[in-house]
Asker: 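First, the structure itself, so that you have it in front of you.
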Amino acid sequence: MSDTQDKYKDTVFLPKTDFPMRGNLPEKEPEMVAKWQEMDLYGKIRQASAGKPKWILHDGPPYANGNIHMGHALNKILKDVINKSWQMMGYNAPYVPGWDCHGLPIEWKIEEKYRNAGKDKDDVDPLDFRAECREFAQEWVDIQSEQFQRLGVIGDWRIQEDASGEQVGGPYRTMTKHGEAQIAREIHKFLDNGGLYRGVKSVLWSTVEQTALAEAEVEYQEHKSVTIWARFPVVETKIDVLKGADVVIWTTTPWTIPSNRGIFYNDDIAYAVYEVTEVAEGSKVEVGAKISIAEALADKVQEQAKITSMTKLGEFKGVDVEGTICAHPLRGHKDANGGYDYDVPAHMADYVTDEDGTGFVHVAPSHGPDDFLLGQKYGLEITDNLDDDGSFKEHVPLFAGLKIYDENGKMDAGNFAPIKAMEEAGKLLAKGSLRHEYPHSWRSKAPLIFRTTPQWFIAMGENQYLKKILDNITLGNLQEVKNLFEIIDEALKNVVLGKENAFYNFLRYLEKLSPEAMAILEANLNLKKGLKIYLSEPTLRDVALKAIEETEWHPEKGKNRIRAMIEGRPDWCISRQRAWGVPIALFVDKKTGETLKDEAVLKRITDAYEEHGSDAWWSMDAQEFLGNDYSADEYEQIFDIVDVWFESGSTHSFVVNDREDLGNGEIDQVDLYLEGSDQHRGWFHSSLLESCGTKGKAPYKNVLTHGFVLDEKGYKMSKSLGNVVDPLKLMKQSGADILRLWTMTSDYAEDIRIGQSTMKNTGDLYRRIRNTLRFLLGALDGFNAAEKVDLSDLSKLPELEQLVLHQLYEMDQKLRGYIQNYEFGKLAKELHEFCNNNLSAFYFDIRKDRLYCDDPQSFERKACRSVMAEVYNCLTAWLAPILSFTAEEAWAHRPEGVFDDSDSVHLRDFPNVPKTWQNPALAGKWFGIRSIREEVFYSLELDRKEKIISSSLEANVTINLKKEELALGEEIDWAEVCIVSAANTGLMEGDTYYTGERVETEKAEGEKCVRCWKVLPEVAGHVDHICNRCDDVVNKKQAA
RNA sequence: GGGCUUGUAGCUCAGCUGGUUAGAGCGCACCGUUGAUAACGGUGAGGUCGCAAGUUCAAGUCUUGCCAGGCCCA
């Protein structure tokens, strides 16, 4: 028997293919990347889709330092899958990747290099320094480019230059000449439309290095500060007990006393006034002094001030302090020339507590972020008392020239002199010291101070003219105020009304004004008119909020997030005192403080950037920009650089608009921005503001966000936890396609986890899909155009083939729907289920008999293979966006002359699946058949347990149909569907049944056909132990 | 501390406006096959739906609090 078995084994048409079962992806993928580069796949795709409608995903630029991590991988894979999907749906979907090249982290790296070489950055020519930064950034651009391509991302990666050295096409970078020029132009647009203004902001400042520091350059170290308790005599108050008393404040920065302009209290704190009745030796307080402090802190203050006894005169609530005005402790000082005779008003501040100090906080708006912000709210003066090196300026009474820190960062006279002056004036209650965490420069290790410095802002909300009025009123510059009123009157000519929110904002704005300011305002401005001008111009905030509503956010919750941020954010500070970036490129009139707005000058600047890059700002002479109309001596050249977020926020302008292959000046909103959810604060945000400010609308129609990659347990990845997953390693171990499949089967809208079990899971999914492709290729061995049957007349096909075509149609529809609705998460799962359910477990399983054993010339077998070819045709295309390497490999193994001749699967579109294939009635019918089949399997399983049968072909079954199913008995070959040797149908009694009645199984009678393995009575009649069908196929055909 | 947000089987995910014994795929166990063979088919075991109160005739689904995560701010 084994002889005959061997004899017939060769007559079985088993699947045959070179497409290996195991992917060996780590080795094959890089070869494929090289091939794609060599054949210029991206260029070919562009050529092939030249006439198609554009669909544009605009790439958000990663920062060009360091190897890529899982977050990059997730992001770029998603972009690639989505882009390829739209491309294959019939669009022209170019992908131009980009990099963010300027900014602090790179600057540090180069600085660090200098430090290690014992050099100081300040001794290096800025142009040399920038050249090194540029080189560093480019190195990482090149590395990351390789790594992204290794992921299978197809895009415009090649940096090509034309004869003049100008880049043609290729990825974008914020540091190219054109990029820098356009960024400067965008800044100038804000200058032109009035959005840009010069204001002040509290920054951390090093008096040793004489420069502002970014938060990330700051180290917090222990520092010993001198602390003082100072007395501010009450001048005016509605609290009786407070009259004639001194409010006591506590501070760790005595040098800020000359810059004091206010006192903060908290509504919720309980305060009291105490009369000193007895003091210990060394106390600085006189008996009879009346001091006011928070009740909760009375004991501490008493001890510190060496007061042995004091009596409480009365209590009051913080909320009643409003309206109280104090005198500066140095008021009336004989040598101060009245310099400290101004009033010090008390105001409410949430951040004041009664845990430390006195419950009252002294406010120097120029020297603390809270002081500054609240000081602005209450209209407190921004003083300008300190020079860059931390010495008091000439105009500061008593302390001019004294430095607060010496060149080594040690406390100096500027810190001590104010203490001494107050002590002499009898206004020092006590003195002490405190060790606490304090910001230091990570370079010089010197302690830092807060300093309010001039910065450039883009206005979000309040009309900038009104803002200027306010600034000028508090500074007392009345002439300036009057000029502004004229501007407003001019603008009043174009007034449009009708915004309630803006109205309320305006009222709030007025509330901030001091009575004096209000008086000036009323005297000079018709309030109604002011209201009109304010309401007439929608603010940047208004425009941005409207744009948010007009954008589709996926998932939708992203909208809430960005809306809340835009609603609440302050004006955008776009200036940085740094070297590696795009200079803001402005000139300010030294006399008037006005920013020069001459178009010719601005154009000369941006032209120079275009030709030489923004290095021109340093390399060229200011007069070259200013031309003949202005003198460089009269203008301050602004060397601040622009916030990198402004740069990346401008990419829609210098990438999308300017490129022929993208917007080409015609598309001002791209289809999609796609980044991590942190970019609500970052790129989505800055791009929105930048675009709303210059174009009045968002740069995008859709925004899709993804979550963060966490470790297996859902914790953030960190070096210290040792749970970091490296995509580069992972690709070496498993391959990029595994990573891609993992991405697409996860719910990337949320944070997603990665670890051993998720990777194993993904590997299993991958193998199933790969094997489906492999089986298809095996089954299509030798298939050619001649064998292909005409699929236009579906009725001629067996129902099962019709069903599969219907399923292809359904799958195609779902796929396109998911893509259009940005539901890519469902796509991979659906494809996997399709392979698993419809193909492997059903169609393939049933059709194996036909494929292996039927006559190759039979119509049925040809029909089956023709349908298989359609399945293959669809599946390779459908999988291409996700399993880009595997689909390409499978496509390369296709039978010749049957499919289109695209050199790469990525040059294809999704096949056009005709609607005529749709057949819901048939699908419904077969849904019923499948459930009956499941019952048969259940019964067979029982027999198998009892050892009656092993293979299902050893069984015959009888299926009892319900009355309404009776037709199925005639139409369906149940033996084929259930993969048994023979099947009968009968009528089921009654309306209900249990499994025993529904299906009856028995051991098949007869002998096993050595060729097709069915057990049939007829086999006994053949010498070779084969069935009639097999006999026909093998012997009769051969004979004929 | 604030804004937004997540928590359903070992893993990845479904569960619409509250309504019968909470679903799928993978994995796992077992069986079959050895002609998709480091593959394929079948059967089955896995969940007090993060925890605790509450609203309701009825809650995974609504409310509140708590716990554990995440992003962005302070």
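Just the heavy atoms: all of them, side chains too, but no hydrogens, waters or symmetry mates, feed the values below.
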Asker: Starting at CG of N836(A) and ending at P of A36(B), how long is that distance when rounded to a whole Å?
Answerer: 16 Å

Asker: Judged by modelled atom types alone, do D1024(A) and Y8(A) share a side-chain donor-acceptor pair under 3.5 Å?
Answerer: yes

Asker: Ignoring hydrogens and angles, are the base of A36(B) and the side chain of T772(A) linked by a donor-acceptor pair under 3.5 Å?
Answerer: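 No such pair is found, so the answer is no.
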
Asker: Give me the distance, rounded to whole Å, that separates A14(B) from A24(B) when you measure between the P atoms they each carry.
Answerer: 16 Å

Asker: Base, sugar-phosphate, or nothing: which does K559(A) touch, judged by heavy atoms less than 4.0 Å apart?
Answerer: nothing

Asker: Could you give the NE2-to-C1' distance, from H685(A) to C4(B), as a whole number of Å?
Answerer: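 For the pair H685(A) NE2 and C4(B) C1', the rounded distance is 14 Å.
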
Asker: Find every protein N or O atom lying less than 3.5 Å from an N or O atom of nucleotides 12-16 of chain B, and list the pairs.
Answerer:
| unit_1 | atom_1 | unit_2 | atom_2 | d |
| --- | --- | --- | --- | --- |
| U12(B) | O2' | T745(A) | O | 2.6 |
| C13(B) | OP1 | D747(A) | N | 2.4 |
| C13(B) | O2' | K829(A) | NZ | 2.9 |

Asker: Between G7(B) and C62(B), how many Å separate the two P atoms, rounded to a whole number?
Answerer: 11 Å

Asker: Kindly say if R774(A) contacts the phosphate of U37(B), meaning a side-chain N or O under 4.0 Å from OP1 or OP2.
Answerer: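 Yes, R774(A) has a side-chain N/O under 4.0 Å of OP1/OP2 on U37(B).
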
Asker: Which heavy atom of R1011(A) sits nearest to which heavy atom of T11(A), and what is that distance?
Answerer: NE-OG1, 2.8 Å

Asker: Would you say that W891(A) contacts Y872(A) through its side chain, given a criterion of any heavy-atom pair below 4.5 Å between the two side chains?
Answerer: yes

Asker: Would you please enumerate the stems RNA chain B participates in, each stem being three or more consecutive Watson-Crick or G-U wobble pairs with both distances under 3.5 Å?
Answerer: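 Only these stems qualify: B:1-7 with B:67-73, B:10-13 with B:23-26, B:28-32 with B:40-44, B:50-54 with B:62-66.
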
Asker: If you look at every strand shown and take non-hydrogen atoms under 4.0 Å, does R768(A) touch a base, only sugar-phosphate, or nothing?
Answerer: sugar-phosphate

Asker: Pick the C1' atom in U33(B) and in A38(B), then give their distance to the nearest Å.
Answerer: 16 Å

Asker: Assign G47(B) to syn or anti; the rule is syn for a glycosidic angle within 90° of 0 and anti otherwise.
Answerer: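 Glycosidic conformation of G47(B): anti.
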
Asker: Could you check how far CD of E976(A) sits from P of G41(B), rounded to whole Å?
Answerer: 18 Å

Asker: Between the base of G35(B) and the side chain of K9(A), is there any donor-acceptor pair under 3.5 Å?
Answerer: yes

Asker: Using OP1 and OP2 only, check whether a side-chain N or O of R681(A) sits under 4.0 Å from C71(B).
Answerer: no

Asker: Please state how far atom OH in Y843(A) lies from atom P in C40(B), giving the value in whole angstrom units.
Answerer: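 Nearest whole value for this atom pair: 19 Å.
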
Asker: For H367(A) and F450(A), run ring pair (Phe, Tyr, Trp, His ring centres under 6.0 Å): C-alpha distance rounded to whole Å, both residues' side-chain angles, the deciding distance at 0.1 Å, then the answer.
Answerer: CA-CA 5 Å; H367(A) 300 295; F450(A) 280 103; 9.4 Å; no

Asker: Counting the atoms with a prime plus P, OP1 and OP2 as sugar-phosphate, which does Y715(A) contact under 4.0 Å by heavy atoms, base, sugar-phosphate, or nothing?
Answerer: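 Answer is sugar-phosphate: Y715(A) comes under 4.0 Å of backbone atoms only.
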
Asker: Has R930(A) got its NZ or CZ under 6.0 Å from the middle of the six-membered ring of F842(A), at an angle within 45 degrees of the ring axis?
Answerer: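 The answer is yes, since R930(A) meets both limits relative to F842(A).
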
Asker: Tell me which of K713(A) and F842(A) sits closer to the 5' end of RNA chain B, going by the nucleotide each one is nearest to.
Answerer: F842(A)

Asker: Going by the side-chain contact (heavy atoms from CB on, under 4.5 Å) test, name the single residue among I972(A), I979(A), I959(A) that passes it with R933(A).
Answerer: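 The passing option is I979(A).
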
Asker: Determine whether W683(A) and D100(A) make a side-chain contact, defined as any pair of heavy atoms from C-beta on separated by less than 4.5 Å.
Answerer: no

Asker: Between L953(A) (CG) and G35(B) (P), how many Å, whole number?
Answerer: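 In whole Å, G35(B) P lies 13 Å from L953(A) CG.
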
Asker: According to a strict under-4.0 Å criterion, is S840(A) in side-chain N/O contact with OP1 or OP2 of G41(B)?
Answerer: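 True: S840(A) side-chain N/O within range (under 4.0 Å) of G41(B) OP1/OP2.
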
Asker: In whole Å, what separates the P atom of G65(B) from that of C4(B)?
Answerer: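 Those two atoms are separated by 13 Å.
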
Asker: Of the candidate nucleotides U37(B), U43(B), U5(B), which contains the atom at the shortest distance from the side chain of M21(A)?
Answerer: U37(B)

Asker: Would a line drawn from the ring center of F13(A) to the ring center of Y852(A) be shorter than 6.0 Å?
Answerer: no

Asker: Checking contacts here: which listed nucleotide (G25(B), C11(B), G41(B)) is nearest the side-chain heavy atoms of S757(A)?
Answerer: C11(B)

Asker: Just the atom pairs and distances: protein N or O near nucleotides 28-30 of chain B's N or O, under 3.5 Å.
Answerer:
none

Asker: Taking side chain as C-beta onward, heavy atoms only, is K826(A) less than 4.5 Å from K814(A)?
Answerer: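 Counting from C-beta outward, K826(A) and K814(A) never come under 4.5 Å.
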
Asker: Take atom C1' in U64(B) and the same atom in U56(B), then report the distance between them in whole Å.
Answerer: 16 Å

Asker: Respond yes when some side-chain nitrogen or oxygen of Y852(A) is under 4.0 Å from OP1 or OP2 of A36(B), and no when none is.
Answerer: yes

Asker: Would you say L831(A) and I769(A) make side-chain contact, with heavy atoms under 4.5 Å?
Answerer: no

Asker: Does G3(B) have OP1 or OP2 sitting under 4.0 Å from an N or O in the side chain of N560(A)?
Answerer: no

Asker: Figure out the CD1/C1' separation between I562(A) and U5(B), and round it to whole Å.
Answerer: 16 Å

Asker: From CG of D854(A) over to P of G35(B), roughly how many Å is that when rounded to an integer?
Answerer: 19 Å

Asker: Distance check, P atoms only: G10(B) and G42(B), in whole angstrom units.
Answerer: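 Approximately 24 Å lies between the P atom of G10(B) and that of G42(B).
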
Asker: Quick check on D350(A): does its CG atom have over 12 non-hydrogen neighbours (other residues, nucleotides or ligands) under 6.0 Å away?
Answerer: no

Asker: Validate the cation-pi geometry between R998(A) and Y938(A): distance from NZ or CZ to the six-membered ring centre under 6.0 Å, angle to the ring axis within 45°.
Answerer: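 No, R998(A) does not lie over the aromatic ring of Y938(A).
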
Asker: G25(B), C40(B), G3(B): which one has an atom nearest the side-chain heavy atoms of D845(A)?
Answerer: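 Among G25(B), C40(B), G3(B), the one nearest the side chain of D845(A) is C40(B).
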
Asker: Determine whether Y673(A) and S687(A) make a side-chain contact, defined as any pair of heavy atoms from C-beta on separated by less than 4.5 Å.
Answerer: yes

Asker: Taking only the P atom of each, what is the distance from U61(B) to A52(B) in whole angstrom?
Answerer: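 Looking at atom P only, U61(B) and A52(B) are 13 Å apart.
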
Asker: L14(A) near the nucleic acid: base, sugar-phosphate alone, or nothing, with a heavy-atom cut-off under 4.0 Å?
Answerer: base

Asker: Are any of K716(A)'s side-chain N or O atoms less than 4.0 Å away from OP1 or OP2 of C71(B)?
Answerer: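 Yes.
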
Asker: Considering only the C1' atoms, how many Å lie between A45(B) and A36(B), rounded to the nearest integer?
Answerer: 28 Å

Asker: Contact class for R1011(A) vs. all strands (heavy atom < 4.0 Å): base, sugar-phosphate, or nothing?
Answerer: base

Asker: Count the heavy atoms belonging to other residues, nucleotides or ligands that lie under 6.0 Å from CD of E556(A), then report whether that count exceeds 12.
Answerer: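 No, the 6.0 Å shell around CD holds no more than 12 heavy atoms from other groups.
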
Asker: From the set G35(B), G25(B), G42(B), return the single nucleotide nearest to any side-chain atom of V12(A).
Answerer: G35(B)

Asker: Looking at side-chain heavy atoms only, is the closest gap between S734(A) and L739(A) below 4.5 Å?
Answerer: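 Side-chain contact under 4.5 Å: no.
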
Asker: Distance check needed: A74(B) P versus R569(A) CZ, whole Å only.
Answerer: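 One finds 11 Å between P of A74(B) and CZ of R569(A), rounded.
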
Asker: Need one value for T17(A): base, sugar-phosphate or nothing, where a base atom within 4.0 Å counts as base even if backbone is also close, heavy atoms only.
Answerer: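 Nothing, no heavy atom under 4.0 Å.
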
Asker: Classify D764(A) by what it touches in the nucleic acid, base, sugar-phosphate, or nothing, heavy-atom distance under 4.0 Å.
Answerer: sugar-phosphate

Asker: Check every strand shown and say whether G714(A) touches a base, only sugar-phosphate, or nothing at a heavy-atom separation below 4.0 Å.
Answerer: sugar-phosphate

Asker: Can you find a pair of side-chain heavy atoms, one from I882(A) and one from L741(A), that are under 4.5 Å apart?
Answerer: yes

